[in-house]
Amino acid sequence: MKKGVQLFTVRDYMKDRKQVEESLKKIKALGYDSVQNGTPHFMTDSEIKSMLDDIGLAPCSAYGDFMAMLANPGAIKKAVAAAKTYGVKYVGVGTLPNEWRESADGYKNFAAGMNKIGKELSKEGCGILYHNHALEFFSLGGGKHGMDILFGETDPSCVFFSHDTHWLTSGGVNPVDWIYKSKGRMPIIHFKDYAIVGGAQVVEGVCKTFAEVGEGNLDWANIVKACHDTGIEYAIVEQDVCRGCPFDSLETSYKNMVKFGV
């Protein structure tokens, strides 16, 4: 597996071209070989790809606006163009709209949309990529949740997933189970630990936080084994909130990933 960084982790250090270059060089110096994010609004796809090439980092996916691609073929062409410039096969999309998050029909609508977009992307050698949070594990009753629909009613040939270890845990499922379940459909995984906050004042709350890989409660030995067993290509570190400097957090995650055999 290649080890990479979701650039959302260092978003506060990506506010202009100079910061982008400095941040990417720091990520490379830590040992990472790939990154994931869309193109900054103040740069073109070609500019960011050229910068990545010069530094020695490779992108693992492009980005597309789901609702725009659903309504406008031109938005699909734009996403395909970005993917081709980046030299990647996957176009990531954001979370399903608010109004679709609490009903089976909503999840079915989103699944149908992913199939439609994925089919068009596949004509250009690409696929659509969905990253989960916890909300997709909203219970629909009868032991079924939203993710069952998103996974079960989408086309395996053109709809792919980049499951997130923290959010799978937060959603009440075992990351290892979903890694094996997604074999062949998950080229990218997001590595993020799930830590319990000590000394929490509100004991009834879910007193958890984001943590560096290996610094929380997740079973990394078996997570990494499952990733190897299922042929995942990229292990991408994403830490939504860091307790200190995000580059220090990324260094800790990298060292622990090496320790765990990534």
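Start at 1 with the first residue, then count along the sequence.
For Tyr130, the ring pair (Phe, Tyr, Trp, His ring centres under 6.0 Å) test picks out Phe110, with sequence neighbours left out. Every salt bridge (Lys or Arg N to Asp or Glu O under 4.0 Å) that Glu153 has, sequence neighbours left out, goes to Lys108. With sequence neighbours excluded, the residues that form a side-chain hydrogen bond (donor to acceptor under 3.5 Å, both in side chains) with Thr95 are His133. With sequence neighbours excluded, the residues forming a side-chain contact (heavy atoms from CB on, under 4.5 Å) with Lys28 are Ile55, Leu57, listed by chain and number.
Tyr234 and Val224 are members of different hydrophobic clusters when ILVMFWY side chains are connected at heavy-atom separations under 4.5 Å.
Residues in residues 155-167 take part in these salt bridge (charged side-chain N to carboxylate O under 4.0 Å, His left out) pairs, two or more places apart or across chains: Asp164-Lys192. Annotation: side chain to side chain donor-acceptor pair (under 3.5 Å) contacts involving residues 49-78, sequence neighbours excluded, comprise Gln36-Ser61, Lys49-Asp53.
For His163 and His190, the distance between ring centers is not under 6.0 angstrom.
Ring-plane geometry between Trp100 and Phe66 is classed as perpendicular, the angle between the planes exceeding 60 degrees on a 0 to 90 degree scale with a lower cut at 30.
Residue Trp220 is tested with Thr165, Asp193, Asn256 for a side-chain hydrogen bond (donor to acceptor under 3.5 Å, both in side chains); the sole match is Asp193.
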Note to self: Checking Phe210 against Tyr194 for the ring pair (Phe, Tyr, Trp, His ring centres under 6.0 Å) test, could you report, in this order, the C-alpha distance in whole Å, the side-chain angles of both residues, the deciding distance, and whether it holds?
What the structure shows: CA-CA 6 Å; Phe210 306 107; Tyr194 183 104; 8.9 Å; no

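Taking the charged nitrogens against the carboxylate oxygens, Lys123 and Glu120 do have a contact shorter than 4.0 Å, which makes a salt bridge.
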